[in-house]
**Q** 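This is the structure I have questions about; it appears just below.
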Amino acid sequence: MINGLVIDRVLQATGFSKSTNEPLYRLTQVQNPSLTSSADQVDALDNTGVKIMSFDRNAAATFSAENAVKDMALLAQQLGSSQVESTDAKKITVPAFDVIDVVKDKTAYDLANTPKAEPSVYVLNGDGSLGVKIEAAEGAEASKGKFVYANGKITIVIDADDDETAVIKAGYQIVVMYDYEAAAGKAVSIENKSNVFAKAHRLVVEVLAYDPCDTDTMIYMYLIFPNCKMSRNFDLTLDTESAHSFEVECMVDYCSKDKKFGIAA
């Protein structure tokens with residue numbers, strides 16, 4: 001019988017739907033895993049306050065870890081949501097910010113996507129902040145300080161370098177801001193709603209370990225939590241170095257006769 005174990009690392013953590021047994025997420029970059037077990041203690045006292053006996057109540061367990069990379073399926077589970085991919089029947093609206101270098105003698109510029117409505121156009125300051133707003137022309141032709149959008153192109157008027165009232169000159173940058181519908185398979189959305197929370201699921205954690213008395217033999221240990229729920233309390237730092245933290249509360253499998261929290265196999 002295997003007794004002592006030296007843990008190498010967690011190989012993967014996979015969540016399964018309790019109703020369909022379909023996988024909800026699979027994490028293969030798990031780090032800093034931790035299993036916490038707790039219970040409340042109730043004391044029986046005599047009439048002078050002397051402790052006669054202690055009883056344990058409300059056993060609980062929590063599994064927490066980090067995924068080294070941000071995981072969209074994990075985020076969806078934390079929010080009680082799902083990943084929705086853009087399709088031809090149901091397209092996802094995405095914002096776009098096209099930065100265009102204004103070139104001498106060139107007035108028409110292609111946009112990267114097709115706007116759903118008339119775009120907003122601004123001249124950019126040297127630090128990238130918004131400068132003068134370029135208004136839309138009332139007619140079909142661009143004029144000084146006015147733009148025209150048609151057929152996927154933005155048309156502007158480039159002012160002379162010596163024009164003291166110039167709005168757009170060669171060498172300037174403009175930004176065109178608009179919303180567009182992403183093509184099928186080109187966008188995925190996850191909604192965060194205030195009245196939606198994660199559902200209970202089954203979690204299986206695969207751990208690679210070794211017997212300290214037989215270091216040539218790998219041992220695969222499985223932590224199985226039949227009934228757990230992803231915590232909605234998490235911090236997701238949007239930078240390169242930070243990991244994606246998560247925590248699952250392991251609840252008793254109430255309808256099982258042995259009232260298991262989890263299984264180590």
Side-chain angles (χ1 to χ4, degrees), residues 12-17 19-31 65-102 108-124 128-130 133-134 136 147-156 173-201 203 229-248:
Q12 58 88 20
T14 306
F16 297 89
S17 167
S19 58
T20 66
N21 205 36
E22 288 293 316
L24 301 172
Y25 58 89
R26 183 172 186 265
L27 308 176
T28 60
Q29 300 291 323
V30 178
Q31 62 187 29
E66 298 173 335
N67 204 55
V69 297
K70 311 303 191 286
D71 190 277
M72 294 285 282
L74 173 60
L75 177 60
Q77 186 65 23
Q78 289 174 308
L79 297 176
S81 183
S82 59
Q83 293 176 274
V84 178
E85 188 175 34
S86 182
T87 65
D88 290 332
K90 189 175 181 180
K91 294 183 178 180
I92 295 173
T93 298
V94 180
F97 306 87
D98 291 3
V99 176
I100 297 171
D101 293 316
V102 178
Y109 298 86
D110 292 321
L111 296 184
N113 306 280
T114 302
K116 291 182 64 176
E118 191 170 71
S120 297
V121 183
Y122 286 83
V123 175
L124 288 179
S129 60
L130 297 179
K133 181 177 182 179
I134 309 301
F147 76 90
V148 170
Y149 169 75
N151 302 320
K153 295 178 182 291
I154 195 88
T155 302
I156 58 176
Q173 280 188 325
I174 60 173
V175 60
V176 184
M177 300 181 287
Y178 57 92
D179 290 337
Y180 72 97
E181 292 183 332
K186 295 298 184 180
V188 175
S189 71
I190 298 174
E191 294 184 343
N192 184 6
K193 296 182 178 180
S194 62
N195 60 344
V196 176
F197 300 91
K199 295 181 179 179
H201 65 287
L203 175 63
K229 191 173 182 181
M230 190 74 68
S231 173
R232 217 181 194 281
N233 299 319
F234 65 94
D235 293 321
L236 187 62
T237 304
L238 302 179
D239 64 9
T240 304
E241 298 177 348
S242 300
H244 189 162
S245 61
F246 66 96
E247 180 180 278
V248 292

**Q** In this structure, are over 12 heavy atoms from other groups packed under 6.0 Å from Lys70 atom NZ?
**A** yes

**Q** Side chains of Val102 and Ile174: closer than 4.5 Å at any heavy-atom pair?
**A** yes

**Q** Could you tell me the separation between the OH atom of Tyr178 and the OH atom of Tyr180, rounded to the nearest 0.5 Å?
**A** 7.0 Å

**Q** Quick check: closest heavy atoms across Ala73 and Leu24, and the distance to 0.1 Å?
**A** CB-O, 3.8 Å

**Q** Carefully, step by step, assess Lys133 and Ser120 under the rule side chain to side chain donor-acceptor pair (under 3.5 Å).
**A** CA-CA 8 Å; Lys133 181 177 182 179; Ser120 297; 5.2 Å; no

**Q** Looking at Ser19, is its backbone amide N or carbonyl O close enough to the side chain of Ser17 to form a donor-acceptor pair, meaning the two atoms are under 3.5 Å apart?
**A** yes

**Q** With sequence neighbours left out, write down each residue that passes side chain to side chain contact (heavy atoms under 4.5 Å, CB included) with Lys199, or none if nothing qualifies.
**A** none

**Q** Could you go through Tyr109 and Asp98, starting from their C-alpha distance and side-chain angles, then the distance that decides it, and tell me whether this counts as side chain to side chain donor-acceptor pair (under 3.5 Å)?
**A** CA-CA 10 Å; Tyr109 298 86; Asp98 291 3; over 6 Å; no

**Q** Determine the minimum heavy-atom distance between Leu124 and Val175, stating which atoms define it.
**A** CD2-CG1, 3.6 Å

**Q** Is any side-chain heavy atom of His201 closer than 4.5 Å to a side-chain heavy atom of Tyr25?
**A** yes

**Q** For Asn21, is the CG atom crowded, meaning more than 12 foreign heavy atoms sit under 6.0 Å from it?
**A** yes

**Q** Out of curiosity, Gln77 CD to Leu27 CG, how far, rounded to the nearest 0.5 Å?
**A** 10.0 Å

**Q** What are the two closest non-hydrogen atoms of Ala187 and Ala182, and how far apart are they?
**A** CB-CB, 3.5 Å

**Q** Just by modelled atom types, is the Gln29 backbone N or O under 3.5 Å from a matching donor or acceptor in the Asn67 side chain?
**A** yes

**Q** Quick check for you: to the nearest 0.5 Å, what is the distance between Asn151 atom CG and Leu111 atom CG?
**A** 11.0 Å

**Q** Going by the angle between their ring planes, with limits at 30° and 60°, are Phe234 and His244 parallel, tilted or perpendicular?
**A** tilted

**Q** Taking the side chain as every heavy atom from C-beta outward, state whether Leu79 and Ile190 have any pair of such atoms under 4.5 Å apart.
**A** yes

**Q** Taking it one step at a time, do Asp179 and Val94 satisfy side-chain contact (heavy atoms from CB on, under 4.5 Å)?
**A** CA-CA 6 Å; Asp179 290 337; Val94 180; over 6 Å; no

**Q** Check whether any side-chain heavy atom of Ser86 sits under 4.5 Å from a side-chain heavy atom of Lys186, and report yes or no.
**A** no

**Q** Should the pair Lys153-Asp110 be classified as a salt bridge under the 4.0 Å nitrogen-to-oxygen rule?
**A** yes

**Q** Run the numbers on Gln173 and Asp101 for side chain to side chain donor-acceptor pair (under 3.5 Å), then give the verdict.
**A** CA-CA 5 Å; Gln173 280 188 325; Asp101 293 316; 2.8 Å; yes

**Q** Over all heavy atoms of both residues, which pair between Val196 and Gly80 is shortest? Give the atoms and the distance, please.
**A** CG1-O, 3.1 Å

**Q** Specify the closest pair of heavy atoms between Ala198 and Met230, including all atoms of both residues, with the distance to one decimal.
**A** CB-O, 3.8 Å

**Q** Atom CG of Leu236 and atom OG of Ser245: how far apart are they, to the nearest 0.5 Å?
**A** 7.5 Å

**Q** To the nearest 0.5 Å, how far apart are OG1 in Thr28 and CZ in Arg26?
**A** 6.0 Å

**Q** Can you tell me how far the CD1 atom of Ile154 sits from the CD1 atom of Ile156, to the nearest 0.5 Å?
**A** 8.0 Å

**Q** Pairing donors with acceptors under 3.5 angstrom, does anything connect the side chains of Ser81 and Lys193?
**A** no

**Q** Can you give me the closest heavy-atom contact between Tyr149 and Pro115, atom names plus distance?
**A** OH-CD, 3.1 Å

